[in-house]
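Right, one structure below, let's go through it.
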Amino acid sequence: MLLHAFVPTSRANGPGPRAVVYFQGCTLNCSACWNPETHKFRGSEVGVRAVVDLFEDARRSGPLNGVTFSGGEPMQQAGALLALMQEFRNAAPAVSLGMFTGYTECELASGEYLTRPKTTVDRKTALWREVRGLLDFAIMGRYDQTQPATEPLRTSRNQRLVLFSDRYQVGDFGPQLVEVTIGHQGKAVVTGFPVLGVPI
Ligand code: SF4
């Protein structure tokens, strides 16, 4: 898979402390997207096992309520996404799984999405059914800068927070936050919702 970044712990991407997996690559091209550096399908191929190892390290470093998949567009690498979800659930059944996707549920259910590598519509509908079966929640829909939103985890009003399990209720999703994580090599990773700018 093409990985953009792995953040071991965040409080800005769903309920409780969560690891965040950022996929590299997105063709949806929403105007004024905040993560344009994640759009190109380029970078190093990373094995699913290597990401699972990062997850295990994160769990050893402190309590994790869950993992959130973001990007980039996770569903454009749906095979790798599903493999990761299965590995995480096997390793830690209590950990919840969430996702940001620019696709609507209707598009995914009908296989109207691009994947890398390419596959058939039937395979894509099957992939989405399996991903859906493991998800606890997702924020779904393109970012539309003409409809700014302040609701938890949503950047535009057309987006939907969909609950796929009974693990959470809407009230469990807190206000939008922005976080800056400084890695050991001094690289800053900004996560969350920098609506009010990035703290300096
Ligand atoms: S789906 Fe997300 S990453 Fe892709 S262009 Fe839209 S906002 Fe950006």
Side-chain angles (χ1 to χ4, degrees), residues 1-7 10 12-14 18-46 51 66-82 84-85 97-119 121 124-125 127-128 131-132 135-164 173 175-181 187-198:
M1 63 177 281
L2 284 174
L3 178 71
H4 176 72
F6 179 89
V7 172
S10 163
N13 288 278
R18 314 182 68 79
V20 188
V21 178
Y22 290 89
F23 285 78
Q24 178 69 38
C26 176
T27 61
L28 294 179
N29 204 25
C30 306
S31 179
C33 167
W34 288 340
N35 294 317
E37 69 282 3
T38 65
H39 291 182
K40 290 217 165 80
F41 280 92
R42 71 176 178 206
S44 306
E45 288 283 347
V46 176
V51 183
V67 180
T68 300
F69 302 97
S70 186
E73 174 49 59
M75 286 303 297
Q76 291 190 346
Q77 297 186 65
L81 170 68
L82 178 60
L84 268 184
M85 296 174 88
L97 299 175
M99 177 171 73
F100 290 93
T101 175
Y103 290 109
T104 63
E105 192 172 3
C106 183
E107 288 173 315
L108 295 174
S110 54
E112 291 174 26
Y113 65 97
L114 180 149
T115 53
R116 175 188 176 277
K118 286 184 181 169
T119 187
V121 169
K124 286 191 281 186
T125 56
L127 274 168
W128 166 242
V131 167
R132 188 184 190 286
L135 275 176
D136 294 292
F137 69 91
I139 291 76
M140 312 189 80
R142 314 285 194 276
Y143 169 57
D144 179 352
Q145 65 171 329
T146 69
Q147 302 186 58
T150 54
E151 287 90 356
L153 302 187
R154 275 153 289 174
T155 49
S156 59
R157 289 195 301 279
N158 58 299
Q159 294 172 326
R160 295 281 171 268
L161 168 62
V162 184
L163 302 179
F164 292 105
F173 294 80
Q176 295 183 5
L177 298 173
V178 61
E179 292 174 337
V180 181
T181 306
K187 184 180 172 194
V189 177
V190 179
T191 70
F193 302 83
V195 181
L196 301 175
V198 176

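Atoms within a ligand are numbered from 1 in the order they appear, just like the ligands themselves. Everything numeric in this text was worked out from a predicted model, so none of it was measured.
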* Asked: Without hydrogens or angle criteria, can the side chains of Gln145 and Ser156 be said to hold a donor-acceptor pair below 3.5 Å?
  -> no

* Asked: How would you list, by chain and number, every residue that makes a ring pair (Phe, Tyr, Trp, His ring centres under 6.0 Å) with Phe173, sequence neighbours excluded?
  -> Phe137, Tyr168

* Under the salt bridge (charged side-chain N to carboxylate O under 4.0 Å, His left out) rule, collect the residues that match up with Arg157, sequence neighbours excluded. => none

* To do: Mind checking ring pair (Phe, Tyr, Trp, His ring centres under 6.0 Å) for Tyr113 and listing every partner two or more places apart, or none if nothing turns up?
  => Tyr103

* Asked: Would you call the rings of Trp128 and Phe164 parallel, tilted or perpendicular if under 30° counts as parallel and over 60° as perpendicular?
  -> perpendicular

* Asked: Listing residue and atom name, which protein N/O/S atoms are closer to atom 4 (Fe) of ligand 1 than 2.8 Å?
  -> Cys26 SG

* Which of these, Thr101, Thr38, Thr115, sits in a side-chain hydrogen bond (donor to acceptor under 3.5 Å, both in side chains) with Glu73? -> Thr101

